[in-house]
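Worksheet: one structure, shown below.
Residues: numbered from 1 along the sequence shown.
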Amino acid sequence: MSTLIMGKVWPLRMSSAQKAVAISLADQANDSGVCWPSVSTLSNRTCLSERAVQAALRDLETLRFLARIFRQGHSTHYHL
């Protein structure tokens, strides 16, 4: 868990779904802002459907909160 990144996420203004996903990602990220949870894991941690998590991830990428690196046959890496 990166408390540095977590502290930067709390004050951000965004939808509740986006905030839940952002907090979950920050909670799993290292101090470099990298993590790789599955959509299923994010769904379980945030109590959102997988579709809602996917939409929030797209929104967060559009807002430039994160960058996704898709890896064939492996989990996606998220850079916050």
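- The cluster map of Ile, Leu, Val, Met, Phe, Trp and Tyr, joined by side-chain heavy atoms under 4.5 Å apart, puts L12 and V21 in the same cluster.
- I23 is connected to L66 through a chain of hydrophobic side-chain contacts under 4.5 Å among Ile, Leu, Val, Met, Phe, Trp and Tyr, so both are in one cluster.
- Residues L25 and L57 form a side-chain contact, since some pair of their non-hydrogen atoms from C-beta on lies under 4.5 Å apart.
- Here the CG-OG distance, from L48 to S16, works out to 7.5 Å after rounding to the nearest 0.5 Å.
- Sparse packing is recorded around NZ of K8, with 12 or fewer heavy atoms of other residues, nucleotides or ligands lying under 6.0 Å away.
- Residues Y78 and L60 form no side-chain contact, since every pair of their non-hydrogen atoms from C-beta on lies 4.5 Å or further apart.
- No chain of hydrophobic side-chain contacts below 4.5 Å, direct or via other Ile, Leu, Val, Met, Phe, Trp or Tyr residues, connects F70 to V39.
- Checking side-chain atoms of S24 against main-chain N and O of A20 turns up no donor-acceptor pair under 3.5 Å.
- Proximity of L42 to Q28: side-chain heavy atoms (C-beta onward) are separated by under 4.5 Å at one or more points.
- Taking 4.5 Å as the limit, some side-chain heavy atom of R45 sits within range of a side-chain heavy atom of D27.
- Across all their heavy atoms, A17 and A56 have their closest contact at O-CB, 4.0 Å.
- Taking all atoms of both residues into account, the shortest heavy-atom contact from M14 to A22 is SD-CB, 4.2 Å.
- Remark: R51 CZ to S43 OG distance equals 12.5 Å, nearest 0.5 Å.
- Atom CD1 of I5 and atom OG of S32 lie 7.5 Å apart (nearest 0.5 Å).
- Residues W36 and V53 are members of separate hydrophobic clusters, defined by side-chain heavy-atom contacts under 4.5 angstrom among Ile, Leu, Val, Met, Phe, Trp and Tyr.
- Using a distance-only test at 3.5 Å, with no hydrogens or angles considered, no donor-acceptor pair links the side chain of K19 to the main chain of R13.
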